[in-house]
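FYI, side chains are in, hydrogens and waters are out, and symmetry mates aren't considered; it's all heavy atoms of this structure. All chains are named by letter (A, B, ...) in the order of the sequence lines, taking the proteins before the strands, and each is independently numbered beginning at 1. Here the structure is a predicted model, which means the values were calculated and not measured.
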2 protein chains.
Amino acid sequence: MSDTAAKIEARAALLDAAERLLISTGYAEISTRRLAEEAGVNHGLVHYYFGSMDELFAQVLERFTERLIARQRAMYARDVPFLEKWRTAMSYLDEDLESGYQKVWLELQALAWNKPALRDRVVHVDEEWRAVVTEAIQGAVEAYDIDTDTFPVEAIVSLVATFNLGMILERHSGVSTGHRELLAAIDSWLQTLDVGVRS
Amino acid sequence: MSDTAAKIEARAALLDAAERLLISTGYAEISTRRLAEEAGVNHGLVHYYFGSMDELFAQVLERFTERLIARQRAMYARDVPFLEKWRTAMSYLDEDLESGYQKVWLELQALAWNKPALRDRVVHVDEEWRAVVTEAIQGAVEAYDIDTDTFPVEAIVSLVATFNLGMILERHSGVSTGHRELLAAIDSWLQTLDVGVRS
DNA sequence: TATCGTCTTAGACGTATGACTAATACGCTT
DNA sequence: AAGCGTATTAGTCATACGTCTAAGACGATA
């Protein structure tokens, strides 16, 4: 019925263009006209397909997130020690910085601070990530026999989620002081747990 | 010479208005005209006094930060156990959410992501906070005799700074899952250290 | 009281914006 | 090949924007 090749192409072109512009210039400087020009498409199509810029932005984030959540789940599903999974996850932090995903995510959060209608969409992305992290941490707690009396799983998950988010934010603001030291410290702590479990 | 009462008043009115608007609507929806209206001032004064909106925004953040850094230093200077200082610091997190400071800070970070000229100003604020936290953590490490072999002070500072930032960001995006549990876990861990030192 | 520099105002300029519309091109189906 | 529904286009509309300017009000100084 709908969804002809042409329609899909124009939609994708707009989403791709929005993704590029979010990464390079941020939401505040994206107008329908500029976006359409970047996409090589008539500026009327933005409203024709998406109804509003906000809807389009939300779809950019969701599309991008979908890819990475899939990658993350596949990575954590591997049958290797948690230490290795953790290291891979931390290397993804750098990848996702370079790919621009983190920028897209931050831009949409910033947009949602002032647009209640977008809040739920952004919260949902946060929840997806949290779910992935929770499974991973749950596995680590069991594998490494971590004591959860004073530090329950939910607290660990929250700590991991927030310090990751904090690092992402700091990096985009131009600060990375102590990140290397922090990650090194966590890594060596995990090493002791890993060695303990192997012996 | 300059700095007559009137000049100071108009400047302050603009800074106050910008602060309110940053908190309520975000930087993207603040035009010189809207700001001037909110301040009850002619719209030409924005450029007359500040030259640009960016400069004005930066001054809003710096003025606000100055107050809170002073408060924070005074608080940490008290002669009480670190545990109590920590609890006060965590209660400030809620205060600063309600006062709008965190919103102002986040808005300026978001603005700076796409305006390299603002970067240094925002980084400087981050550095001021980091300096305060570093002193506090340094004191805690000595008072509670914390082992810094695997977790050096710089790593601890980075952890505290990033997870705080992450919590602030999550709260503004409408997420607070696990925050209570995380803070409770840290608190009870600090309690064990505090008790250990008193005996 | 006259003067002078600063503060403040109103308004004009060209440009860009989001929202919308009417006309046209395209590509299926029949 | 004709017809029809969707995709696409160009263009209009009032509005708001940042920037700038020229004029006027104010208040301290002399």
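- For the OP1/OP2 pair of C/dC7 and a distance below 4.0 Å, the side-chain nitrogens and oxygens of B/Tyr49 include no atom meeting the criterion.
- A/Arg33 comes within 4.0 angstrom of a base, heavy atoms only.
- A distance of 12.0 Å separates CH2 in A/Trp189 from CG in A/Asp194, rounded to the nearest 0.5 Å.
- The phosphate of C/dT8 (OP1 or OP2) has no side-chain N or O of B/Tyr48 nearer than 4.0 angstrom.
- Screening B/Tyr101, B/Trp129, B/Trp105 for a side chain to side chain donor-acceptor pair (under 3.5 Å) involving B/Thr65 leaves a single residue, B/Tyr101.
- DNA chain C is contacted by both A/Met53 and B/Val41; B/Val41 maps to the nucleotide lying nearer its 5′ end (nearest heavy atom per residue).
- Spacing between atom CG of A/Leu45 and atom P of C/dA19 amounts to 15 Å, rounded to whole angstrom units.
- In this structure the side chain of A/Leu182 never reaches within 4.5 angstrom of the side chain of B/Val157, judged on heavy atoms.
- The NE2-P distance, from B/His43 to C/dA10, rounds to 10 Å in whole Å.
- Between A/Ser31 and C/dT17 there is a side-chain polar atom (N or O) within less than 4.0 angstrom of OP1 or OP2.
- B/Asp96 pairs with exactly one of B/Arg71, B/Arg67, B/Arg171 by the salt bridge (charged side-chain N to carboxylate O under 4.0 Å, His left out) rule, that one being B/Arg71.
- Between the CG atom of A/Asn42 and the P atom of C/dA22 there is a distance of 16 Å, given to the nearest Å.
- Looking only at side-chain heavy atoms (C-beta outward), A/Leu97 and A/Ile168 stay at 4.5 Å or farther from each other.
- Here C/dG18 presents its P atom at 11 Å from CD1 of A/Ile30, a figure rounded to the nearest Å.
- Taking atom CZ on B/Phe50 and atom P on D/dT19, their separation rounds to 15 Å, with Å as the unit.
- At whole-Å resolution of the value, NE2 in A/His47 and P in D/dA7 are 17 Å apart.
- Within the 4.0 Å cut-off from OP1 or OP2 of D/dG18, at least one side-chain nitrogen or oxygen of B/Thr32 is found.
- The distance between atom CZ of A/Arg34 and atom C1' of D/dC17, rounded to the nearest whole Å, is 16 Å.
- Atom CD of A/Glu37 and atom P of C/dA16 are 11 Å apart (whole Å).
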